[in-house]
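Before any comments, here is the structure.
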Amino acid sequence: MNIKLIAIGKTDNINLQALIEAYQKRLSFYIKFDLEIIPDIKNVKNLSENQQKEKEGELILAKITATDQLILLDENGKNYSSLAFSEQLQKKLSAGIKTLVFVIGGPYGFSEAVYAKANAKISLSSMTFSHQMVRLFFIEQLYRGFTILKNEPYHHQ
């Protein structure tokens with residue numbers, strides 16, 4: 001299985017970027033992982049929130065294939081503990097899914113077209129985090145999930 005994380009906008013904080021890269025490297029020992037960044041939409045001040053979501057949605061959907069399983073990182077999604085998330089990863093691995101795609105949307109969330117295409121929604125927290133920090137938190141949780149599956153001493157219960 002391959003895992004892809006799609007996010008809107010670049011990470012401009014070099015410290016966050018360094019941590020993201022460190023966890024990507026760690027994760028690469030377990031699974032093929034790609035972080036795909038969709039550039040910020042230009043001239044957003046001339047767009048309504050819905051227009052911005054629609055434009056971002058078109059760009060997101062252009063990155064998805066018919067066989068991909070799409071999971072949105074969404075504040076209204078299901079919450080998992082790290083152990084439960086690792087169990088979900090194992091189920092996806094066992095199901096023979098070729099590519100599992102997670103998406104971090106833009107500042108206003110997702111378009112209706114993206115929601116319609118999604119197979120599931122998960123939430124990392126009830127709190128709000130910057131989209132740049134969510135990338136780090138999510139990649140770390142992927143790494144943690146695989147260390148749990150391999151019974152490695154990273155996660156402590």
Roughly how far, to the nearest 0.5 Å, is the [atom2] atom of [Y] from the [atom1] atom of [X]?
| X | Y | atom1 | atom2 | result |
| --- | --- | --- | --- | --- |
| M1 | I3 | CE | CD1 | 4.0 Å |
| K53 | I41 | NZ | CD1 | 13.5 Å |
| I6 | L59 | CD1 | CG | 10.5 Å |
| L142 | S86 | CG | OG | 11.0 Å |
| K4 | L70 | NZ | CG | 10.0 Å |
| R26 | Y23 | CZ | OH | 4.5 Å |

Within a strict 4.5 Å, meaning less than it, do heavy atoms of the [X] and [Y] side chains meet?
| X | Y | result |
| --- | --- | --- |
| M133 | L16 | yes |
| N2 | F33 | no |
| Y30 | L89 | no |
| F29 | L27 | no |
| D68 | K117 | no |
| R135 | I37 | yes |

Among residues at least two apart in sequence or on other chains, which ones pass salt bridge (Lys or Arg N to Asp or Glu O under 4.0 Å) with E58?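 Per chain and number, E58 pairs via salt bridge (Lys or Arg N to Asp or Glu O under 4.0 Å) with no residue.
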
Problem set entry | Steps toward side-chain contact (heavy atoms from CB on, under 4.5 Å) verdict (E36, L5) | CA-CA 6 Å; E36 194 161 335; L5 175 62; over 6 Å; no

Do [X] and [Y] belong to the same hydrophobic cluster, where Ile, Leu, Val, Met, Phe, Trp and Tyr are linked whenever their side-chain heavy atoms lie under 4.5 Å apart, directly or via other members?
| X | Y | value |
| --- | --- | --- |
| L19 | I14 | no |
| L83 | F146 | no |
| I71 | I64 | no |

Could you please spell out the steps behind the side-chain contact (heavy atoms from CB on, under 4.5 Å) verdict for I122 and F138?
CA-CA 11 Å; I122 63 172; F138 181 71; 4.1 Å; yes

Inset, instruction - Show the numbers, then the answer: is there a side-chain contact (heavy atoms from CB on, under 4.5 Å) between K63 and I38? - result: CA-CA 9 Å; K63 306 280 185 189; I38 295 174; 4.2 Å; yes

N119 side-chain N/O to Q69 backbone N/O, donor-acceptor pair under 3.5 Å: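 Flag not set: sc N119 to bb Q69 has no pair under 3.5 Å.
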
Next item on the list: Spell out, as yes or no, whether a donor-acceptor pair under 3.5 Å connects the side chain of Q90 to the backbone of E87.
Entry: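 Judged by distance alone, no pair lies under 3.5 Å.
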
More than 12 heavy atoms of other groups within 6.0 Å of E75 CD: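 12 or below, so no.
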
Using a 3.5 Å cut-off and no angle test, enumerate the donor-acceptor pairs between side-chain atoms of residues 97-116 and protein atoms at least two apart in sequence or in another chain.
unit_1	atom_1	unit_2	atom_2	d
S111	OG	V114	N	3.3
Y115	OH	D74	OD2	2.5

Check this for me: does any side-chain nitrogen of one of D34 and K32 sit under 4.0 Å from a carboxylate oxygen of the other?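 Here D34 pairs with K32 in a salt bridge, since their nearest N and O are under 4.0 Å apart.
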
Checklist entry - How close do S123 and S125 get, heavy atom to heavy atom, and via which atoms? => result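 Closest heavy-atom pair between S123 and S125: OG-O, 2.9 Å.
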
Exercise. Which pairs with one or both residues in residues 140-149 pass side chain to side chain donor-acceptor pair (under 3.5 Å), sequence neighbours excluded?
Worked result: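 Sorted pair list: S82-Q141, E140-R144, E140-Y154, R144-H155.
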
Apply side-chain contact (heavy atoms from CB on, under 4.5 Å) to H131 and I8, showing your working.
CA-CA 8 Å; H131 285 72; I8 305 286; over 6 Å; no

| Verdict with reasoning, N13 to Q132, per side chain to side chain donor-acceptor pair (under 3.5 Å) | CA-CA 8 Å; N13 182 306; Q132 294 182 32; 5.8 Å; no

Apply side chain to side chain donor-acceptor pair (under 3.5 Å) to residues S28 and Q24 and explain how you reach the verdict. CA-CA 6 Å; S28 71; Q24 280 182 272; over 6 Å; no

